[in-house]
Amino acid sequence: MSKAFTKETDADEEDLVAEPQLPAGVKNYLTPRGYALLKVEFDQLLKVDRPQVVEIVSWAASNGDRSENGDYIYGKKRLREIDRRLRYLTKRLDNPEVVDPVTQQAIEQVFFGATVTVAEENGSEHTYQIVGVDEADPAHGRINWVSPLARALIKTRAGDHVRFQSPAGMREIDVIEVRYPLSDSAA
């Protein structure tokens, strides 16, 4: 069948990327650092990346036959990816609940923005910061506030023993230390 009779879709299977989802009916909590990172990404995509890709697609389209024009095909695909990410970021930045951990009053308890050191049953220690869904990075110790571990830690204090259901099964940990950043740069 000729490509002239096929329809390009905006949602090719390979284009779909799973974005982190918030549970229904909850606010989009972010640390000031997380909000700033999302805003920087949004501005980069809108003001730099998208105009560059539009220029490339325009140039490629002016070259004639688009069916085998790699610049045009890749550019259109990249443009869809950028537009999808911009829509997502627009929703996230539209009504965020920015919570500055520096201003936390009950610093002996674990709340959003806290950095918590825990000891596993085997004696190993791990440190986690409880952050927003969009700023989670488990490899760097940032866990989102709706994760099973973060939910189990909320409202605990140093010395508490916590038992919770994780995706890997039942876990038990001890809270060693709870701290909050002293300035915005540490968030």
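We're numbering straight along the sequence, starting at 1.
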Q: Search all heavy atoms of Pro181 against all heavy atoms of Gly113 and return the closest pair with its distance.
A: CD-O, 4.1 Å
Q) Got more than 12 heavy atoms from elsewhere within 6.0 Å of CD, Glu55? A) no
Q. Above 12 or not: heavy atoms from other molecules or residues under 6.0 Å from NE2 of His161?
A. yes
Q: Flag the pair Asp43 and Lys39 as a salt bridge only when some basic side-chain nitrogen lies within less than 4.0 angstrom of an acidic carboxylate oxygen.
A: yes
Q) Is there side-chain contact between Val99 and Leu30, with at least one heavy-atom pair below 4.5 Å? A) no
Q) Is a donor on one side and an acceptor on the other found under 3.5 Å between the side chain of Gln105 and the backbone of Thr103? A) yes
Q) Shortest non-hydrogen contact from Ser124 to His126? A) OG-NE2, 3.4 Å
Q: Look only at the side chain of Tyr180 and the backbone of Phe111, and say whether a donor-acceptor pair between them is shorter than 3.5 Å.
A: yes
Q: Could you tell me the separation between the CD atom of Glu172 and the CZ atom of Phe164, rounded to the nearest 0.5 Å?
A: 10.0 Å
Q. Do Asn63 and Trp59 come within less than 4.5 Å of each other through their side chains, counting heavy atoms only?
A. yes
Q) Would you say Asp137 and Ile143 make side-chain contact, with heavy atoms under 4.5 Å? A) no
Q: Examine the side chains of Glu97 and Asn28 and answer whether a donor and an acceptor come within less than 3.5 Å of each other.
A: no
Q: Enumerate the residue pairs fulfilling salt bridge (Lys or Arg N to Asp or Glu O under 4.0 Å) with a member in residues 119-131, sequence neighbours excluded, ordered by first and then second residue.
A: Glu120-Arg171
Q.
A side-chain contact here means heavy atoms from C-beta on lying under 4.5 Å apart; do Val57 and Lys76 qualify?
A. yes
Q. Arg179 versus Thr127: any side-chain heavy-atom pair under 4.5 Å?
A. yes
Q: Check whether more than 12 heavy atoms from other residues, nucleotides or ligands sit under 6.0 Å from atom CG of Leu46, and answer yes or no.
A: yes
Q.
Does Val178 form a side-chain contact (heavy atoms from CB on, under 4.5 Å) with Ile107? I'd like the steps, not just the answer.
A. CA-CA 7 Å; Val178 178; Ile107 59 172; over 6 Å; no
Q: Would you give the length of the straight line joining atom CG of Asp174 to atom CG of Asp160, rounded to the nearest 0.5 angstrom?
A: 9.0 Å
**Q.** Smallest separation among heavy atoms of Asn144 and Ala150, with atom names
**A.** O-CB, 3.3 Å
Q. Without hydrogens or angle criteria, can the side chains of Tyr88 and Asp134 be said to hold a donor-acceptor pair below 3.5 Å?
A. yes
Q. With hydrophobic residues grouped by side-chain heavy-atom distances under 4.5 Å, do Tyr74 and Ile82 end up in a single group?
A. no
Q. Using 4.0 Å as the upper bound for N to carboxylate O, is an ion pair formed by Glu81 and Arg78?
A. yes
Q. When rounded to the nearest 0.5 angstrom, what distance separates CD1 in Ile130 from CG in Leu149?
A. 7.0 Å
Q. So how far is it from Glu68 CD to Arg66 CZ, rounded to the nearest 0.5 Å?
A. 14.5 Å
Q: Determine whether Leu37 and Leu93 fall in the same hydrophobic cluster, where Ile, Leu, Val, Met, Phe, Trp and Tyr are linked whenever their side-chain heavy atoms lie under 4.5 Å apart.
A: no
Q) Looking only at heavy atoms, what is the nearest atom pair of Glu135 and Arg33, with distance? A) OE1-C, 4.4 Å
(Q) In the structure I gave you, are the side-chain heavy atoms of Leu153 and Ile173 within less than 4.5 Å of one another anywhere? (A) yes
Q | side chain to side chain donor-acceptor pair (under 3.5 Å) contacts in which one or both residues fall within residues 145-158, not counting sequence neighbours | A | Glu108-Arg157
Q.
Between Glu41 (side chain only) and Leu38 (backbone N and O only), is there a donor and an acceptor less than 3.5 Å apart?
A. no
Q: State, with a plain yes or no, whether a side-chain heavy atom of Ile176 is found less than 4.5 Å away from one of Val118.
A: no
Q) Can you hop from Ile56 to Leu86 via hydrophobic side chains spaced under 4.5 Å? A) no
Q.
With heavy-atom distances below 4.5 Å as the criterion, would you say the side chains of Thr31 and Asp100 are in contact?
A. no
Q | Separation between CG of Leu79 and CZ of Arg50, rounded to the nearest 0.5 Å | A | 4.5 Å
